[in-house]
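Written below as structure tokens is the structure these notes are about.
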Amino acid sequence: MKILVASDLHGSAYYAEKLLERYLKENAEKLILLGDIYNHGPRNQLPKDYNPMQVAQLLNGVKDKLLVVKGNCDSEVDNMISEFSFANDLILLSGNKSVFLTHGHVYNKDNMPKTNFDAMIYGHFHTGFIDRIGQTVVANAGSLSLPKNHTKNSYIILEDDQIILKDIDGNEIDKTKI
């Protein structure tokens, strides 16, 4: 199964539209968002075309293909405009590998979960990368709307036992097998 994993839209209608374009071009079967969907957050500048209601409309249009993890900027009121639920974390199998998906404000490469997984994918820090800690692949999807530390607007493709980090134009930045 091919899954597109993205994070940290922060209310950008422009990047929500770009995300859905990439989702179609990638021909992914599922779309997973790792939090911070609508609110820009107090430490961030306003992203391009900040319009949380339009983002909600766009995402509600693909709710049957969507799984969403709650981020630190997501609130209870976000449920009122969303036709999908927010999970605290997700665990899935990709190929025969276990993958833990979270926002990143609790669990990340500096605070790994106590349960062992083959891979952990998160967002929160707005810096896309793929790394390995011991036997666990650790990846950050980056941010589609507000990348930091000179990283690109990015997302991840998870397919079978492979993690691929791509920029918003679909160009491969990095990849690894789980």
Side-chain angles (χ1 to χ4, degrees), residues 1-11 15-16 19 23 28-41 43-44 52 55-56 59-60 62-148 151 154-166 176-178:
M1 175 182 276
K2 188 175 190 179
I3 301 168
L4 192 152
V5 181
S7 191
D8 297 277
L9 280 169
H10 288 289
Y15 284 105
L19 168 66
Y23 174 71
E29 297 169 61
K30 280 284 183 198
L31 174 59
I32 297 177
L33 298 179
L34 300 179
D36 290 0
I37 308 302
Y38 304 127
N39 191 318
H40 66 87
R43 295 177 295 177
N44 297 318
V55 172
L59 296 178
N60 287 338
V62 295
K63 64 185 176 190
D64 58 325
K65 302 289 185 185
L66 187 63
L67 295 171
V68 180
V69 169
K70 184 176 181 180
N72 63 303
C73 291
D74 298 317
S75 67
E76 294 301 317
V77 74
D78 295 339
N79 290 316
M80 298 171 74
I81 62 172
S82 303
E83 296 175 10
F84 49 85
S85 298
F86 290 75
N88 288 327
D89 303 299
L90 297 171
I91 301 168
L92 58 89
L93 292 176
S94 185
N96 64 351
K97 304 293 183 175
S98 59
V99 181
F100 179 68
L101 296 114
T102 189
H103 177 63
H105 63 296
V106 175
Y107 297 112
N108 54 62
K109 70 178 185 170
D110 296 322
N111 186 36
M112 299 288 284
K114 291 180 181 174
T115 303
N116 289 325
F117 298 98
D118 296 304
M120 178 173 68
I121 302 174
Y122 61 98
H124 182 64
F125 294 97
H126 299 216
T127 53
F129 67 83
I130 300 173
D131 202 354
R132 193 175 289 276
I133 296 177
Q135 297 298 313
T136 305
V137 173
V138 177
N140 189 300
S143 173
L144 285 170
S145 65
L146 296 168
K148 295 182 179 177
T151 58
S154 61
Y155 64 93
I156 282 176
I157 292 294
L158 178 61
E159 188 170 21
D160 299 323
D161 65 346
Q162 192 160 247
I163 295 175
I164 307 167
L165 179 67
K166 293 187 172 188
T176 193
K177 285 192 178 266
I178 300 174

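Treat the numbers as computed from the prediction; the structure is a model and nothing was measured. Counting from 1, the numbers follow the sequence of the chain as shown.
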Non-hydrogen atoms of [X] and [Y] that approach each other most closely:
X: Thr127; Y: Lys148; answer: CG2-O, 3.4 Å
X: Ser7; Y: Gly35; answer: OG-O, 4.0 Å
X: Ser154; Y: Gly142; answer: OG-CA, 3.5 Å

Does Lys65, at its NZ atom, have more than 12 non-hydrogen atoms belonging to other residues, nucleotides or ligands within less than 6.0 Å?
no
Drop me the distance from [X]'s [atom1] to [Y]'s [atom2], to the nearest 0.5 angstrom.
X: Asn111; Y: Tyr122; atom1: CG; atom2: OH; value: 10.5 Å
X: Phe84; Y: Leu67; atom1: CZ; atom2: CG; value: 10.5 Å
X: Ile156; Y: Ile121; atom1: CD1; atom2: CD1; value: 5.0 Å
X: Ile3; Y: Lys30; atom1: CD1; atom2: NZ; value: 8.5 Å
X: Leu66; Y: Ser85; atom1: CG; atom2: OG; value: 10.0 Å
X: Ile157; Y: Ile163; atom1: CD1; atom2: CD1; value: 11.5 Å

For side-chain contact (heavy atoms from CB on, under 4.5 Å), just list the numbers for Ile32 and Leu92, CA-CA rounded to whole Å, side-chain angles, deciding distance to a tenth of an Å, and then say yes or no.
CA-CA 11 Å; Ile32 297 177; Leu92 58 89; 3.6 Å; yes
After noting the C-alpha distance and the side-chain angles of Leu33 and Leu59, does the key distance pass the side-chain contact (heavy atoms from CB on, under 4.5 Å) rule?
CA-CA 10 Å; Leu33 298 179; Leu59 296 178; 3.7 Å; yes
Does any pair with a residue in residues 68-85 pass salt bridge (charged side-chain N to carboxylate O under 4.0 Å, His left out), and if so which ones, sequence neighbours excluded?
Lys63-Glu83, Lys70-Glu76
Which atom pairs, one a donor and one an acceptor, fall under 3.5 Å between side chains of residues 94-107 and the rest of the protein, sequence neighbours left out?
residue	atom	partner	partner atom	Å
Ser94	OG	Asp160	N	3.4
Ser94	OG	Asp160	O	2.3
Ser98	OG	Asp118	N	3.1
Ser98	OG	Asp118	OD2	3.2
Thr102	OG1	Asp89	OD1	2.5
His103	ND1	Leu34	O	2.6
His103	NE2	Asp36	OD2	3.2
His103	NE2	Asn72	OD1	2.9
His103	NE2	His124	ND1	3.1

Check: [X] side chain, [Y] main-chain N or O, donor-acceptor pair, under 3.5 Å:
X: His126; Y: Leu146; answer: yes
X: Thr136; Y: Phe117; answer: yes
X: Asn108; Y: Val138; answer: no
X: Ser143; Y: Ser145; answer: yes

Does the cation-pi check pass for Lys109 over Phe125, that is, NZ or CZ under 6.0 Å from the six-membered ring centre and within 45° of its axis?
no
side-chain contact (heavy atoms from CB on, under 4.5 Å), that's the test. Do Val55 and Ile81 meet it? Break it down for me.
CA-CA 10 Å; Val55 172; Ile81 62 172; over 6 Å; no
